[in-house]
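Proteins get letters first, then strands, A, B, ... in listed order; numbering begins at 1 in each.
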Number of protein chains: 2
Amino acid sequence: MRGKPTLRDVAARAGCSITTVSNILQGRSHLYREDMVEQVLRAGHELGYRPNSVARSLARRRTATIGVVLDPQHARLTHNLYAHDVLDGILAFLEPRDYDIRLITPRTNDPAAVWRRIDNGSIDGAVLIAPVMGSPLLEWRCYSRLPVVAVGSTLPDEYGVSCIDIDNETAMATLTEWVIQQGHRAIGFIKGHPLHWSAHQRERAFRRTMALYNLPVREEWMLQGDYSPESGVRAAEQLLRQSELPTVVLAANDDMAMGFLQHCRTLEIAVPDRISVAGFDDSVWVQRMGIPLTTIHHDRYQVGYLAAQRLLHQIETGDAHPQRTLINGVLVVRQSVAMGYALASATTPQPTYSTEGGSRS
Amino acid sequence: MRGKPTLRDVAARAGCSITTVSNILQGRSHLYREDMVEQVLRAGHELGYRPNSVARSLARRRTATIGVVLDPQHARLTHNLYAHDVLDGILAFLEPRDYDIRLITPRTNDPAAVWRRIDNGSIDGAVLIAPVMGSPLLEWRCYSRLPVVAVGSTLPDEYGVSCIDIDNETAMATLTEWVIQQGHRAIGFIKGHPLHWSAHQRERAFRRTMALYNLPVREEWMLQGDYSPESGVRAAEQLLRQSELPTVVLAANDDMAMGFLQHCRTLEIAVPDRISVAGFDDSVWVQRMGIPLTTIHHDRYQVGYLAAQRLLHQIETGDAHPQRTLINGVLVVRQSVAMGYALASATTPQPTYSTEGGSRS
DNA sequence: GACTCGCGTGGAAACGCTTCCATAACCAAC
DNA sequence: GTTGGTTATGGAAGCGTTTCCACGCGAGTC
């Protein structure tokens, strides 16, 4: 016996067949006499036998591994804190079930090549992290029948992919509504990256809520961003040189809100005294820096956890029904938005307003 | 043919043997006539054949996968920015070589169980992320002959593990020296987590450098921390209520330095006017928050890149020689340390001082 | 015309495991 | 003594590749 011991070696040492060893080592020892069981276990232990998981996967046609796939768009993991949080949730669900994770970071936009990397028998299913519009990851059906769950993007139904994500529309509506109820009427908006569905969903909810309150959306206050802090700075530059300013700006994510805040600091514009700012995501950066940014929080860990759960369900039952799970965002009120602003004028009729998701820190 | 097409299916369609298909698909087409090659490629393409990587791994006895193993101590990935940066470097090296990554997060301290998870044939080698003292990961030799490289911990030779890490001692010596050259004489220190080798290395370098300059190390200014921001706060509490204070405090990492800074802000103690602070790591948090913390920077991405390189070398050549690679830290001078402090008294003889690692941001 | 040689191709044995099914031995029942 | 039913164990066929080696054949050499 050279190299790592195999079933054969254990069987030889225990004086039985490999079937017997295999069965006993898989916990089917009730089939055998006690002394046999004991002999086999002892032999295995003495040899330091460890089942070869590759061979096992081949025989079982299951790898007990799931892939976590980053979109080629943001293939760099660094500072992708969203992926981290989600990954933690996935791990939490997977570990007790003895599943492992394979990290896949395609670096091309050719869907055939991407799916060759993903669906080559090495994983039982995949979690797609925040696929964007036009991503090769979404050319899924042509190339693969692998169970798949997407997180961080609420995909339109036609993609036929299960997704787990924050309920962007409801959350942004909640935030907008809350801002309005604080008395704000002149509201600006920094849009997210146009390739992200979330950007459109957040913008749409904003516009709808404004309409609901009969408030005008002024297009010169709708700034195009791309979810990066720098684009928040640019938005601030563009907005703050206008003669007429909104009293509050909603950024489609925290990063842009922070860029905006930064530029305000540069210009020595007091927040929230001269202008209010709100974000979206309750990013870890904001939390950790202790920036008092009013924003929407959601449990990214839970997103990962649910994704893993859903994926395993799909794998085990073969159920391929795409299913959308939206989790609630929670309004986190901090100090970046002036409250009770111009209350006198806040006499718009009260709409039905879900009290859920109230402030907490 | 049900399920995914296999070599057999392709061979049947191309009217040849599976050997032929296998050879051609592996690029050994020079062995065959052109028309054969073309037929096989066409058949493969038409069937959408993708080699099963599990079967391939079994036959080749190589998985083309390396494991990235987190220490059970910090099995949560979240906010482990170090792991992120390193992972990115690893990925950068591995991707062009068609290696994949398996993420392994053991959750127990039983070394046998841990190594069963790691060395079960599913990976060709492992990168251990910052193993701490007493980690089951380091009980390596008893359980496995897998090629292994550690990063983020400079392990003592007896572990027989290759490691790639910042040169903690040199970097901390550089920092200490620089602080002394700014005129500081009364210097405090916040120690890192006692289970991390780096903590001891950094402390040792500090003490040695102080001795080199004949400066006393006052034990009441040596605060015990654990690398967390909170422990930096506690250290500040402990230090700042003393009647006599150092003019500068070196924290063994940036997180603790930030905790320290935070407490200074709470107490309205001006930095660096009333007390100076330096960190170590140039953590992404500090960078991103724009905190003007003087610190030591090193290229964590490069650490990952080198680790992957080294690991692949070990895998491919079978070379098991443990080899230590220390990369240079770079002093980053920002504004948290008062410079030219009490220059009048700074008349200690100039030591040999490497000018490398000058300030940059 | 027997010999070698290279070329193109295929057979078949691994790789290490799982699992279906057969077998053998034993006992009880008729 | 045949049957039937347990119980304990082993044989062997996969799983989908890779790879070593052998085979048949036509061309070149003596």
Does a donor on one side chain sit under 3.5 Å from an acceptor on the other, for [X] and [Y]?
X	Y	result
A:D100	A:T65	no
A:T19	A:S22	no
B:T108	B:D110	no

> For A:R56, what residues pass the salt bridge (Lys or Arg N to Asp or Glu O under 4.0 Å) criterion, not counting sequence neighbours?
Replying inline: none
> Sequence neighbours excluded, which residues qualify as salt bridge (Lys or Arg N to Asp or Glu O under 4.0 Å) partners of B:R28?
Replying inline: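 With neighbours one apart ignored, the set is empty.
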> Are any of A:Y32's side-chain N or O atoms less than 4.0 Å away from OP1 or OP2 of D:dG10?
Replying inline: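 No.
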In whole Å, I'd like the distance from the [atom1] atom of [X] to the [atom2] atom of [N].
X	N	atom1	atom2	answer
B:K4	D:dT17	NZ	P	9 Å
A:R56	C:dT19	CZ	C1'	13 Å
A:H30	D:dT9	NE2	P	13 Å
A:L58	D:dC15	CG	C1'	4 Å
A:R62	C:dG16	CZ	P	22 Å
A:N52	C:dA14	CG	C1'	14 Å
A:L31	D:dT6	CG	P	15 Å
B:L7	D:dT18	CG	P	6 Å

>> Is the shortest side-chain heavy-atom distance between B:I118 and B:I123 below 4.5 Å?
In response: yes
>> Is the shortest side-chain heavy-atom distance between B:S122 and B:R102 below 4.5 Å?
In response: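 Yes, side chains in contact.
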>> Please give me the minimum heavy-atom distance between A:L137 and A:P106, naming the atom from each residue.
In response: CD2-CG, 4.4 Å
>> Minimum heavy-atom separation for A:D319 and A:H321, please, with both atom names.
In response: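 Looks like OD1-N, 2.8 Å.
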> Salt bridge or not for B:K4 and B:D9, using N-O below 4.0 Å?
Replying inline: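 Between B:D9 and B:K4 there is no salt bridge, as every charged N stays at least 4.0 Å from the carboxylate O atoms.
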>> Regarding A:R117 and B:D98, does a basic nitrogen lie under 4.0 Å from an acidic carboxylate oxygen?
In response: yes
> Going by number, which of residues 33-40 of chain A have a non-hydrogen atom under 4.0 Å from DNA chain D?
Replying inline: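 Contacting residues: A:R33, A:M36.
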>> Give the residues of residues 17-27 of chain A touching DNA chain D, defined as any heavy atom closer than 4.0 Å, sorted by residue number.
In response: A:S17, A:T19, A:T20
> To the nearest 10 degrees, what angle separates the axes at the start and end of the helix from C:dG1-D:dC30 to C:dC30-D:dG1, five pairs each?
Replying inline: 70°
>> By the 4.0 Å heavy-atom rule, please label A:R28 as base, sugar-phosphate, or nothing.
In response: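 It contacts sugar-phosphate atoms only.
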>> By nearest atom, which of the nucleotides C:dG10, D:dT17, D:dG14 is closest to the B:A55 side chain?
In response: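 That would be D:dT17.
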> Among D:dG10, D:dC15, C:dC15, which is the nearest nucleotide to the side chain of A:A59?
Replying inline: D:dC15
> In chain order, what residues pass the ring pair (Phe, Tyr, Trp, His ring centres under 6.0 Å) check against A:Y49, with sequence neighbours excluded?
Replying inline: none
